[in-house]
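This is a predicted model, so every value here is computed, not measured. Residue numbering restarts at 1 for every chain, and letters A, B, ... go by the order of the sequence lines.
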Amino acid sequence: MKESIYKITENCQIADKTFGMELSGDSAAVSRPGQFINILLPGSFLRRPFSVCDYGEGWIRIIYKIVGKGTEKMSHLQKGDELSVISGLGNGFDLSRIPESCALIGGGAGVAPLYGLCKRLLLEGKKPAAVLGFNNAGEVFLEKEFRNLNIPVTVATVDGSFGQKGFATDFFEEGGYAVCCGPEAMMRVLYKKSGDGMFSLEARMGCGFGACMGCSLETRQGFRRICKEGPVFQKEDLLW
Amino acid sequence: MVDISTTMPGREGGNANGGEEARSVDISTSLSGLLLSNPVIPASGTFGYGREYWDLYDLDILGSIAVKGTTLEERGGNPLPRIAECEAGMLNSVGLQNPGIDRVVSEELPELYLHYKKPVIANISGFSVEEYVAVAVKMDAAPNVGILELNVSCPNVRGGGMAFGTSASNISLVTREVRKACSKPVYVKLSPNVTDICEMARAAEDAGADGISLINTLLGMRIDLRKRIPVLENVTGGLSGPAVFPVALRMVWQVSRAVDVPVIGMGGISSSEDVIEMMMAGASAVQIGAANLRNPFACRDIIMDLPRKCEELGIRSLREIIGIM
Ligand SMILES: Cc1cc2nc3c(=O)[nH]c(=O)nc-3n(C[C@H](O)[C@H](O)[C@H](O)COP(=O)(O)OP(=O)(O)OC[C@H]3O[C@@H](n4cnc5c(N)ncnc54)[C@H](O)[C@@H]3O)c2cc1C
Ligand SMILES: Cc1cc2nc3c(=O)[nH]c(=O)nc-3n(C[C@H](O)[C@H](O)[C@H](O)COP(=O)(O)O)c2cc1C
Ligand code: FES
């Protein structure tokens with residue numbers, strides 16, 4: 001974990017109420033896809049957590065949806081603006097536990113961390129397939145980027161206005177390995193349908209680095225902090 | 001005389017030229033015979049048992065550390081969401097999640113000692129007088145505990161915490177029993193959710209308290225407008241952060257005039273100015289809570305800034321300004 005000042009190099013709308021933000025700064029603390037950063041926004045007391053969508057030396061990309069006051073203000077930030085960011089938070093996806101063939105299933109903003117994960121799985125020679133779920137055509141993002149990775153991609157929209165009609169979970173083959181991030185309802189279905197998998201969870205956070213016990217979850221191993229021992233939990237850990 | 005500038009890790013915005021100035025300012029203080037190199041203490045519940053912070057900065061710069069509220073048995077706390085926000089602060093309904101006294105004294109405190117050699121403040125909670133006493137006795141025996149802080153003011157648990165702290169006779173009872181059973185200084189941490197805070201402080205002092213800590217969080221609530229349900233699963237939670245500072249300051253001022261024992265002031269402190277203001281109101285030392293969650297370096301930054309701020313305000317020794325209002 002590291003606190004440092006990042007400069008916004010890009011902040012633009014990529015879908016309905018959805019923005020992509022690229023930040024330049026010291027990304028040395030980011031060690032795995034699926035970790036998150038905690039951003040201090042002008043005017044908000046607590047920081048706001050966002051999954052790292054992709055990262056490299058000196059940069060981090062996030063994708064965020066406007067859902068409230070903080071993210072609304074965030075969408076008005078300009079290229080060149082500086083932000084205090086705590087990076088390298090959470091455990092992220094343990095790539096060594098993901099089998100050669102797996103499905104990455106994202107719902108809404110939950111699609112974001114799966115992109116950086118997908119790139120790294122491919123570098124390891126693994127063969128992921130992606131299922132991206134959205135409410136409608138206007139909300140779809142990262143579809144082209146996933147296709148450019150030359151993997152099987154299914155896009156599902158609830159109203160059928162883009163790709164397949166239905167929920168992302170409808171296009172997951174029962175018994176397979178599921179790596180997922182999205183609404184809890186979606187992940188609970190995948191918990192039932194999957195043979196095994198990883199689940200990236202969310203909670204309203206006080207600190208994001210394990211100090212306040214604001215995000216505690218009861219698991220098979222006892223109480224675990226979503227911000228510290230999570231946000232990614234193994235299927236066998238969850239008490240769903 | 002404390003020269004903190006030499007031990008400080010560098011950071012932009014820090015007190016780079018504070019070395020010379022710092023030498024002429026004494027920022028040390030004391031609590032019931034315990035000498036503190038400076039008045040800044042992370043508040044209970046925002047610093048765990050130190051584990052999340054000792055890799056971030058040298059904890060030995062802290063005046064002391066108030067560890068997480070500890071109970072007899074392990075507690076998982078309240079259901080999520082436990083955190084909400086407001087304009088200049090936050091609400092929590094954590095509900096005293098902690099590993100229980102036995103693991104705290106056998107694992108957490110000894111490990112904290114490897115990173116922090118000074119005495120710490122043991123924050124204690126319970127659901128009966130017997131439970132407070134049982135936890136206090138074990139904390140009293142822990143070598144790196146310097147002060148016992150009875151949390152009779154947690155708003156997030158039923159039957160315990162605040163249920164004790166809103167009744168003067170309960171405060172009196174629990175303070176007397178713990179005082180009898182323990183040898184270290186006993187501080188009572190008061191709830192602001194009462195009509196007359198001075199009555200509670202006097203009850204504690206009369207029962208033998210060696211000091212008073214205040215304030216714990218103010219009972220509050222938020223509603224999710226879209227879902228039309230409370231944000232917190234527990235419905236209500238404790239408000240803290242800059243929003244409560246003026247209330248905390250007023251209560252510290254009132255209590256420090258009502259009792260003769262030292263007062264640890266807290267509630268919304270987030271800068272060196274706030275520390276000085278709280279001490280002018282009557283606090284001998286201060287605790288910093290929510291600010292650590294927003295900025296994990298908050299305590300370090302405030303300690304670094306204190307000598308310069310004192311110099312600027314013509315304060316040569318922090319002890320001189322305690323309770324000058
Ligand atoms: C580990 C993690 C990773 C996340 N990754 C992403 C991401 O990649 N893209 C994205 O769009 N969103 C992500 N979120 C959700 C994002 O943090 C919230 O949408 C955001 O904090 C809302 O802020 P706001 O001020 O706009 O909303 P408000 O509702 O005004 O916020 C008020 C408070 O509620 C909290 N809050 C509200 N909704 C959520 C939520 N769903 N999860 C956690 N806290 C919430 C805020 O942090 C704030 O403290 C993530 C959350 C977590 C915990
Ligand atoms: C997340 C959180 C957990 C807390 N847990 C405890 C606790 O276990 N025991 C206690 O006495 N006070 C607890 N408090 C109260 C603080 O110690 C402090 O009294 C209060 O937050 C006011 O200070 P602040 O405004 O600087 O946060 C907690 C506060 C927060 C924000
Ligand atoms: S958000 Fe503070 S412990 Fe997880």
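The greatest number of non-hydrogen atom pairs below 4.5 Å with chain B, out of A:Ala211, A:Cys215, A:Cys212, is found for A:Ala211. In terms of heavy-atom pairs under 4.5 angstrom with chain A, the leader among B:Gly289, B:Gly76, B:Pro81, B:Ala291 is B:Gly76.
Proximity to chain A is limited to the backbone of B:Asn292, based on heavy atoms less than 4.5 angstrom apart. Heavy-atom distances place the backbone of B:Ala84, and not its side chain, under 4.5 Å from chain A. In this structure, no portion of B:Tyr49 lies under 4.5 Å from any heavy atom of chain A. Residue contact with chain B, scored on non-hydrogen atoms closer than 4.5 Å, involves the side chain of A:Ile86 exclusively. Proximity to chain B is absent for every atom of A:Ser84, based on heavy atoms less than 4.5 angstrom apart. With a 4.5 Å cut-off on non-hydrogen atoms, A:Arg225 touches chain B through its side chain but not through its backbone. Proximity to chain A (any heavy atom under 4.5 Å) is shown, for B:Pro79, by neither the backbone nor the side chain.
Interface residues of residues 68-81 of chain A toward chain B, defined by a heavy-atom distance below 4.5 Å and sorted by number: A:Lys69. Residues of residues 6-43 of chain A placed with any heavy atom under 4.5 Å of a heavy atom in chain B are listed by number as A:Leu40, A:Gly43. When the heavy atoms of residues 101-110 of chain B are compared with those of chain A, none of the residues falls under 4.5 Å. By a heavy-atom distance cut of under 4.5 Å, B:Asp224, B:Arg226, B:Val231 are the residues of residues 220-232 of chain B near chain A, going up by number.
Within 6.0 Å of atom CD in B:Glu73, 12 or fewer heavy atoms from other residues, nucleotides or ligands are found, so the atom counts as exposed in its surroundings. No more than 12 heavy atoms of other residues, nucleotides or ligands shown are found within 6.0 angstrom of CD on A:Glu57. Within a 6.0 Å sphere centred on OH of B:Tyr113, heavy atoms belonging to other residues, nucleotides or ligands number 12 at most. With a 6.0 Å radius and a threshold of 12 heavy atoms from other residues, nucleotides or ligands, A:Tyr191 has its OH atom above the threshold.
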(message) Please determine whether side-chain contact (heavy atoms from CB on, under 4.5 Å) holds for the pair A:Arg204 and B:Met90, giving the CA-CA distance in whole Å, both sets of side-chain angles, and the decisive distance to 0.1 Å.
(response) CA-CA 11 Å; A:Arg204 285 183 179 249; B:Met90 62 175 288; over 6 Å; no
(request) List the steps, then state whether side-chain contact (heavy atoms from CB on, under 4.5 Å) holds for B:Arg82 with A:Ser216. (result) CA-CA 9 Å; B:Arg82 297 178 179 180; A:Ser216 187; 3.5 Å; yes
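When all heavy atoms of B:Glu52 and A:Phe209 are compared, the pair lying nearest together is CG-O, 3.3 Å. Smallest separation of non-hydrogen atoms from A:Ala203 and B:Leu80: CB-CD1, 4.1 Å. Heavy atoms only, all atoms of each residue included: A:Met1 and B:Pro296 are closest at CE-CG, 3.8 Å.
The distance from the OG1 atom of B:Thr46 to the CE atom of A:Met213 is 11.5 Å, given to the nearest 0.5 Å. Residue A:Arg47 holds its CZ atom at 6.5 Å from CG of B:Asn295, rounded to the nearest 0.5 Å.
Put simply, the side chain of B:Glu85 gets close to the backbone of A:Phe45: a donor and an acceptor are under 3.5 Å apart. In this structure, the side chain of B:Arg294 does not engage the main chain of A:Leu46 through any donor-acceptor pair within 3.5 Å.
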